[in-house]
Amino acid sequence: MGHVNHGKTTLLDYIRSTKLVSQESGGITQHIGFYNIKTKYGIITFFDTPGHEVFTSMRKRGVKNTDIVVLVIAINDGVMPQTIETIKYIKSLNIPLIITINKIDKINYNTNIIKNELAKYEIISEKWGGETQFINISAKTGKGVKNLIKAILLQSEILELKEKKKKISEGVVIESYFDKGNGPIITVLIKKGFLNIGDIILYNLEYSKIKYMYNSFGKKINYARTSLPVEIIGMTTIPKNGDKVYFLKKKEHKDILINKTKLIIEKKKKKKN
């Protein structure tokens with residue numbers, strides 16, 4: 001995450017060695033992007049969230065569904081209004097944060113200016129006796145990017161982020177839309193469990209079968225695991241962004257979950273009344 005033009009997409013471009021920036025109009029991210037890389041310690045999935053002020057709701061949806069937030073701040077611009085807004089929201093959800101100071105290839109940079117500014121919001125560097133990792137990078141040259149990857153992996157070890165096999169898998173809808181040729185299409189982040197083509201997908205009280213799945217590279221896949229983003233085709237209706245979805249192996253699980261969902265809906269109605 002980070003303010004517009006602070007180098008989020010350029011950083012991901014370097015990590016994946018692809019030209020993502022050229023695919024965005026004016027170099028500005030206008031949707032939530034998903035990208036994952038393999039390391040010898042496991043898979044890291046990145047969200048690239050919009051930094052422009054008009055995309056506040058998308059940024060909040062991105063934060064809410066992450067385990068670790070990497071906040072990118074350009075050394076030449078420093079802490080911006082969207083940076084402060086994001087920090088406040090991250091702190092309200094108690095999500096671990098890594099500060100990434102970008103564009104250190106600029107001449108005569110001073111990271112202490114940013115550290116002092118963030119200290120006002122109780123974001124203190126480990127080197128200053130705090131708990132937050134500060135990583136200096138240049139997304140343009142790649143300097144420090146390996147240190148960032150190590151910092152993410154270290155934080156994931158501390159949080160014990162490990163996948164577990166579940167009878168009922170769960171995910172959250174990040175984006176959804178209707179396509180004339182394929183019908184409803186959703187992008188889902190798998191939060192728990194594993195998915196296969198043919199699994200039953202349940203959202204609210206609607207259900208259908210997964211016909212096709214695509215990974216973040218647009219490649220058709222038959223199987224997906226925890227923490228991976230997938231595009232799914234096969235729904236009968238379009239769920240809302242942020243909706244929780246369940247993936248079931250057996251039909252009997254569908255009936256159990258539908259009954260639970262009905263009870264939750266009834267309780268919410270009683271509270272309103």
Side-chain angles (χ1 to χ4, degrees), residues 1-2 8-9 11-12 15-16 20 29-39 42-50 55-71 86 89-90 93-98 152-153 155-156 159-177 184-197 199-204 206-208 210-235 238-249 257:
M1 303 192 72
K8 305 182 310 300
T9 307
L11 172 59
L12 285 171
I15 291 171
R16 297 177 69 235
L20 297 176
T29 303
Q30 299 183 39
H31 58 84
I32 296 176
F34 295 87
Y35 317 102
N36 57 277
I37 63 166
K38 289 183 179 180
T39 75
I43 295 173
I44 301 175
T45 297
F46 291 93
F47 282 20
D48 183 14
T49 57
F55 296 111
T56 299
S57 61
M58 283 191 187
R59 281 196 299 279
K60 286 187 174 181
R61 196 160 74 242
V63 171
K64 192 176 180 181
N65 292 293
T66 54
D67 297 303
I68 302 166
V69 173
V70 176
L71 185 57
T86 301
Y89 191 65
I90 291 167
L93 296 176
N94 197 30
I95 297 174
L97 173 65
I98 296 173
I152 294 170
L153 292 170
Q155 189 66 63
S156 68
L159 296 172
E160 297 183 345
L161 300 178
K162 298 178 180 179
E163 61 184 359
K164 297 177 181 178
K165 288 192 175 182
K166 300 279 185 179
K167 289 183 179 179
I168 299 175
S169 302
E170 295 179 21
V172 61
V173 178
I174 303 300
E175 291 185 314
S176 58
Y177 64 97
I185 296 177
I186 61 173
T187 301
V188 172
L189 177 68
I190 305 168
K191 302 289 283 185
K192 297 178 183 178
F194 302 78
L195 307 189
N196 291 281
I197 291 294
D199 285 355
I200 298 169
I201 177 171
L202 174 70
Y203 44 98
N204 297 321
E206 301 285 339
Y207 66 92
S208 52
I210 298 174
K211 291 182 180 178
Y212 305 104
M213 285 196 298
Y214 296 87
N215 63 16
S216 57
F217 294 93
K219 183 181 178 181
K220 189 181 288 187
I221 56 175
N222 295 318
Y223 168 84
R225 59 197 299 178
T226 305
S227 85
L228 290 183
V230 290
E231 190 174 71
I232 296 175
I233 297 175
M235 285 69 62
I238 305 176
K240 295 178 181 178
N241 293 337
D243 275 358
K244 184 179 282 189
V245 293
Y246 298 93
F247 303 97
L248 322 173
K249 307 297 179 186
L257 273 179

For [X] and [Y], which heavy atoms make the closest approach, and how far apart are they?
X	Y	answer
Ala224	Val230	CB-CG1, 3.6 Å
Thr45	Ser227	OG1-O, 2.7 Å
Leu153	Ser156	O-OG, 2.6 Å
Gly234	Ser208	O-OG, 3.3 Å
Phe194	Asp199	O-OD2, 4.1 Å

In Å, rounded to the nearest 0.5 Å, how long is the span from [atom1] of [X] to [atom2] of [Y]?
X	Y	atom1	atom2	answer
Ile210	Leu248	CD1	CG	9.5 Å
Tyr246	Lys191	OH	NZ	13.0 Å
Glu231	Ile233	CD	CD1	6.0 Å
Ile201	Phe247	CD1	CZ	4.0 Å

TODO: Measure from the side-chain N and O atoms of Asn241 to the backbone N and O of Ser176, and report whether any donor-acceptor pair falls under 3.5 Å.
DONE: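 Looks like yes, one N/O pair under 3.5 Å.
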Task: Thr226 side chain to Gly193 backbone, donor-acceptor under 3.5 Å - done: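 Checked: pair present.
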Open item on the list: Let's go through Ile186 and Tyr203 carefully: what are the C-alpha distance in whole Å and the side-chain angles of both, what is the deciding distance for side-chain contact (heavy atoms from CB on, under 4.5 Å) to 0.1 Å, and is it a yes or a no?
Closed with: CA-CA 12 Å; Ile186 61 173; Tyr203 44 98; 5.9 Å; no
Less than 4.5 Å apart, any side-chain heavy atom of [X] and any of [Y]?
X	Y	value
Ile232	Leu195	yes
Phe46	Ile152	yes
Asn215	Leu228	no
Pro96	Asp67	no

Task: Pair Met213-Ile197, side-chain contact (heavy atoms from CB on, under 4.5 Å): steps then yes or no - done: CA-CA 7 Å; Met213 285 196 298; Ile197 291 294; 4.1 Å; yes
Task: CA sep, side-chain torsions, deciding dist, call: Tyr214, Ile185, side-chain contact (heavy atoms from CB on, under 4.5 Å) - done: CA-CA 11 Å; Tyr214 296 87; Ile185 296 177; over 6 Å; no
